[in-house]
Novice: 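Before I ask anything, here is the structure I am working with.
Note that the structure is predicted; figures quoted are calculated from it, not measured.
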Amino acid sequence: MDQIFEDHLPYMIGSVIAALALVFAPRQTTWAKRLAVSILVLACLYACGIVWLYTARHNMGESYGYLVGGILLGILLGVIAGAVFLSWIIVYLIGIKKPKQTSTSQSMATE
């Protein structure tokens, strides 16, 4: 196994599992679901970027540029996913605490 996969494989698997858990979280609003899907896209983009760096490692000469590129890609996508995750938490909690609205026909029937 190459060093880039040894370094990034646990993070790739963990990010995809965490993103899938967010997508399938119960009682989500539409915006929370959209944010969860965007986190899943970022997790898949991270895995695809690492695979791309692995396949392009011979074009980078004898340097460890592909390892540095993988670290920078992981940091960049991690910061973006962290910001989206904080947004997801806020939207999810607001959606849970939002009182259920009754329709006008139900309110008129009780009067």
Novice: Which pairs count as side chain to side chain donor-acceptor pair (under 3.5 Å) when at least one residue sits in residues 40-50, sequence neighbours excluded?
Specialist: His8-Tyr46

Novice: Name the atoms and distances for all side-chain donor-acceptor pairs under 3.5 Å in residues 71-93, with sequence neighbours left out.
Specialist:
unit_1, atom_1, unit_2, atom_2, d
Ser87, OG, Ala83, O, 3.1
Trp88, NE1, Gln28, OE1, 3.4
Trp88, NE1, Ala32, O, 3.2
Tyr92, OH, Pro26, O, 2.8

Novice: Please output the side-chain donor-acceptor pairs of residues 10-23 that fall under 3.5 Å, not counting sequence neighbours, one pair per line with the distance.
Specialist:
unit_1, atom_1, unit_2, atom_2, d
Ser15, OG, Tyr11, O, 3.0
Ser15, OG, Met12, O, 2.9

Novice: For residues 48-55, tabulate all N or O donor-acceptor pairs below 3.5 Å that involve a side-chain atom, not counting sequence neighbours.
Specialist:
unit_1, atom_1, unit_2, atom_2, d
Thr55, OG1, Val51, O, 3.3
Thr55, OG1, Trp52, O, 2.9

Novice: Among all residues two or more places apart in sequence or in another chain, which pass the ring-ring contact (aromatic ring centres under 6.0 Å, His included) test with Tyr66?
Specialist: none

